[in-house]
A.B. asks: 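Following this message is one structure expressed as structure tokens.
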Amino acid sequence: YTRFLYTSLSPHRYSPNPSKTQTVQTVQQTFKSGYTRPLKFRRHQLEQLWRLIDENTDALCEVLYKDLRKHRNEATLGELVTTKEDINDALVHLEEWAKDERTTPSFINRVGTTCIKRKEPKGAVLVIAPWNYPVYLALTPLVGAIAAGCSAVLKPSEVAPHSARLIAELVPRYLDNKAFMVINGGAPETTQLLDHKWDHIFYTGNGTVAKIIMKAAAKHLTSLTLELGGKSPVIIDENANMAVAAKRIAFGKAFNAGQTCIAPDYVLVTAKAEEKLIPALKNAYLEMYGSDPQASKDYGRIVNTRHFKRLCNVLMENKSGDVVIGGQADENDLFIAPTVIANVERDDKLMEEEIFGPLLPLIRVTDIDDAIEYINSKDEPLALYIFSTNKKLINKVLDSTRSGGVLVNDTLMHVSENSLPFGGTGPSGMGAYHGRHSFDTFTHVRSTMIKGLSPMMESAMAIRYAPYTPQGLSI
Ligand code: NAD
């Protein structure tokens with residue numbers, strides 16, 4: 001009946017994909033019925049999500065291997081443990097996050113007034129996930145949505161098909177089917193989903209598609225979280241411990257074969273730092289993957305031929321610099337070696353777009369001011385990495401640049417820190433999540449003011465009622 005009503009009311013708008021429309025309607029109606037609001041329900045769903053991961057760890061690792069050839073350690077650390085941590089955090093703090101907060105009324109309302117910040121779920125939300133961490137980036141936003149009391153439709157990425165299929169199989173087995181549903185597909189399916197009126201859209205992916213999502217959200221004035229990417233720079237102080245810095249940079253760039261939104265995109269180095277950095281990077285890669293990284297079981301693969309070709313083209317079209325580490329590629333195996341290109345010109349191909357692969361350009365700078373100026377000439381990145389123990393230098397970089405987040409003396413690890421919000425700024429994103437911030441993202445803080453209705457109060461309020469004094473108020 002509802003489907004009939006829906007199509008008969010708006011026959012042109014909603015092109016008939018009955019199952020999708022039905023899914024959206026179910027999830028929306030479930031929210032409206034109040035079903036997802038009780039803390040007991042949220043807690044149970046969070047526990048079920050935890051079980052989904054716990055009881056299917058092998059299967060999840062297997063699909064991550066099939067999609068990206070992730071080693072079990074990378075799958076566990078980068079996708080499963082991180083999601084479970086977020087669930088644990090929500091389970092421990094749910095009551096605290098969700099409880100009403102009393103505020104102290106200001107002078108004008110001081111008498112007989114109670115002010116409360118109510119934490120209300122935003123409603124029925126749409127989560128659109130990308131392919132590079134296909135489990136983590138699909139399920140972690142869901143943690144926030146469940147904790148906040150929302151219902152949700154999850155759209156995994158078609159670019160990681162094995163993960164997408166398994167998620168669509170597992171979610172209905174573990175989560176409440178009326179409240180949380182998965183729809184698989186690519187751009188056409190997402191476009192259809194975006195036609196509906198959502199109460200919040202949470203999108204992770206590239207900036208070009210983000211503009212499409214934003215346009216669709218604008219039609220209904222729907223609030224948005226955009227978790228995007230960008231070229232995350234690394235600054236290295238020439239006095240830093242180069243062996244440790246190189247190992248941590250190599251880790252951040254080679255994890256998931258560089259297909260990480262916060263992977264170090266390029267390194268800004270002085271000539272003196274570069275002299276020490278190149279051998280240190282060589283050593284770090286050698287220690288991690290041996291002399292033939294293609295033979296290493298620990299090193300991932302490029303997700304598909306399209307991205308493989310994109311990366312090879314970027315490397316080929318880049319005119320400046322010298323490949324000092326790696327450079328090998330094998331299309332049949334979707335393998336690209338950890339590759340370092342020294343002396344890349346600032347306006348060359350490698351410096352145009354987010355690399356999103358294991359290619360690491362080194363850009364020469366004269367000093368820290370030059371590095372800062374270069375960073376500021378580009379879009380605000382998602383992450384900024386500084387390797388230094390010089391507090392003055394660190395503070396100078398912090399005070400004179402912008403980025404979604406900053407990590408000093410390591411790479412990637414800030415994403416796993418639930419006490420910090422994770423998100424971009426400007427072209428690297430809008431909004432943030434993880435831990436409490438995920439709860440806040442899917443929550444509307446509803447300002448609620450309650451006054452008494454006693455006639456005794458009227459004399460205190462007389463000043464606001466007409467007839468006013470002819471001379472007016474003086475303040
Ligand atoms: P993707 O190709 O999987 O796309 C993301 C989602 O958008 C998918 O679900 C896809 O189906 C959908 N989509 C694609 N085209 C669409 C269209 N025309 N209309 C509507 N929906 C569409 O992933 P991607 O964009 O290649 O992901 C990589 C990008 O994501 C990188 O820029 C990376 O930095 C960024 N990223 C950011 C984060 C973060 O947390 N900030 C995390 C991972 C990736």
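Bear in mind the structure is a predicted one, so any value in this text is a computation, not a measurement. Just so you know, ligand 1 is whichever comes first in the structure, and atom 1 is the first atom listed for that ligand.
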A.B. asks: Taking the side chain from H200 and the backbone from G123, do they hold a donor-acceptor pair closer than 3.5 Å?
C.D. replies: no
A.B. asks: Hey, is T190 touching ligand 1 through its side chain, its backbone, both or neither, going by heavy atoms under 4.0 Å?
C.D. replies: side chain
A.B. asks: Quick one: do E274 and R364 make a salt bridge, cutoff under 4.0 Å?
C.D. replies: yes
A.B. asks: Hey, are K70 and D298 close enough for a salt bridge, meaning a charged N less than 4.0 Å from a carboxylate O?
C.D. replies: no
A.B. asks: Short question: side chain of K253, backbone of L359 - any donor-acceptor pair under 3.5 Å?
C.D. replies: yes
A.B. asks: If we only consider heavy atoms of P156, is any one of them less than 4.0 Å away from an atom in ligand 1?
C.D. replies: yes
A.B. asks: Would A129 count as a polar contact of ligand 1, with the cut-off being nitrogen or oxygen pairs under 3.5 Å?
C.D. replies: yes
A.B. asks: Taking 4.0 angstrom as the limit and counting only heavy atoms of N132, give me the atoms of ligand 1 inside it, by number and element.
C.D. replies: 43 (C), 44 (C)
A.B. asks: Counting heavy atoms only, which of L226, T204, I128 is nearest atom 5 (C) of ligand 1?
C.D. replies: T204
A.B. asks: So which heavy atom on I355 is nearest to which on L311, and how close?
C.D. replies: O-CD2, 3.3 Å
A.B. asks: From Y203 OH over to L194 CG, what is the distance, rounded to the nearest 0.5 angstrom?
C.D. replies: 10.0 Å
A.B. asks: Look at ligand 1 and say whether Y133 reaches it with a heavy atom at a distance under 4.0 Å.
C.D. replies: no
A.B. asks: At a non-hydrogen distance cut-off of under 4.0 Å, which region of T260 contacts ligand 1 (side chain, backbone, both, or neither)?
C.D. replies: neither
A.B. asks: Which residue and atom name correspond to the protein heavy atom nearest atom 39 (C) of ligand 1, and how close is it?
C.D. replies: C261 SG, 3.4 Å
A.B. asks: At a 4.0 Å cut-off, with the gap strictly under it, does some heavy atom of G424 reach an atom of ligand 1?
C.D. replies: no
A.B. asks: Give the numbers and elements of all ligand 1 atoms closer than 4.0 Å to a heavy atom of L382.
C.D. replies: 41 (N)
A.B. asks: For atom 17 (C) of ligand 1, what's the nearest protein heavy-atom neighbour? Residue, atom name and distance, please.
C.D. replies: A187 CB, 3.6 Å
A.B. asks: Decide whether an N or O pair under 3.5 Å exists between K155 and ligand 1.
C.D. replies: yes
A.B. asks: Out of G205, P134, G229, whose heavy atom is nearest to atom 29 (C) of ligand 1?
C.D. replies: G205
A.B. asks: Measure up the H434 and Y136 rings against each other and bin them: parallel (under 30°), tilted (30 to 60°), perpendicular (over 60°).
C.D. replies: tilted
A.B. asks: Test your reading of the structure: does S157 have an N or O sitting under 3.5 Å from an N or O of ligand 1?
C.D. replies: yes
A.B. asks: Roughly how far, to the nearest 0.5 Å, is the OG1 atom of T36 from the CZ atom of F180?
C.D. replies: 6.0 Å
A.B. asks: To the nearest 0.5 Å, what is the distance between CG on L393 and CD1 on I235?
C.D. replies: 7.5 Å
A.B. asks: Tell me: protein heavy atom nearest atom 32 (O) of ligand 1, and distance?
C.D. replies: E354 OE1, 2.7 Å
A.B. asks: So does M351 get a backbone contact from the side chain of K378, meaning a donor-acceptor N/O pair under 3.5 Å?
C.D. replies: yes
A.B. asks: Would you mind checking which non-hydrogen protein atom is closest to atom 7 (O) of ligand 1, with the distance to 0.1 Å?
C.D. replies: Y203 CE1, 3.5 Å
A.B. asks: Got the closest protein heavy atom to atom 25 (O) of ligand 1, with its distance?
C.D. replies: N206 ND2, 2.5 Å
A.B. asks: Measure up the F439 and W97 rings against each other and bin them: parallel (under 30°), tilted (30 to 60°), perpendicular (over 60°).
C.D. replies: tilted
A.B. asks: Run the salt-bridge test on D379 and R402 with the 4.0 Å N-O cut-off and return the result as yes or no.
C.D. replies: no
A.B. asks: Between D199 (side chain) and A124 (backbone), is there a donor-acceptor pair under 3.5 Å?
C.D. replies: yes
A.B. asks: Considering the heavy atoms of L137, write down every atom of ligand 1 situated less than 4.0 Å from one of them.
C.D. replies: 42 (C), 43 (C)
A.B. asks: When you measure from atom 2 (O) of ligand 1 to every protein heavy atom, which one gives the shortest distance, and what is it?
C.D. replies: W131 CD1, 3.6 Å
A.B. asks: Pick one of side chain, backbone, both or neither for how L228 approaches ligand 1, counting any non-hydrogen atom pair under 4.0 Å.
C.D. replies: backbone
A.B. asks: Would you say I212 and ligand 1 have an N/O pair spaced under 3.5 Å apart?
C.D. replies: no
A.B. asks: What residue and atom, counting heavy atoms only, is the protein's closest point to atom 14 (C) of ligand 1, and at what distance?
C.D. replies: V209 CG2, 3.9 Å
A.B. asks: Has ligand 1 got any nitrogen or oxygen that is less than 3.5 angstrom from a nitrogen or oxygen of Y433?
C.D. replies: no
A.B. asks: Identify the closest protein heavy atom to atom 10 (C) of ligand 1: which residue and atom is it, and at what distance?
C.D. replies: E158 OE1, 3.5 Å
A.B. asks: Give the atom numbers and elements of ligand 1 that come within less than 4.0 Å of a heavy atom of F356.
C.D. replies: 28 (C), 31 (C), 33 (C), 34 (O)
A.B. asks: Taking distance alone, with no angle check, do H307 and ligand 1 share an N/O pair under 3.5 Å?
C.D. replies: no
A.B. asks: How far does CG of L362 sit from CG of D322, to the nearest 0.5 angstrom?
C.D. replies: 10.0 Å
A.B. asks: Does E158 come within less than 4.0 Å of K155, counting only side-chain N to carboxylate O?
C.D. replies: yes
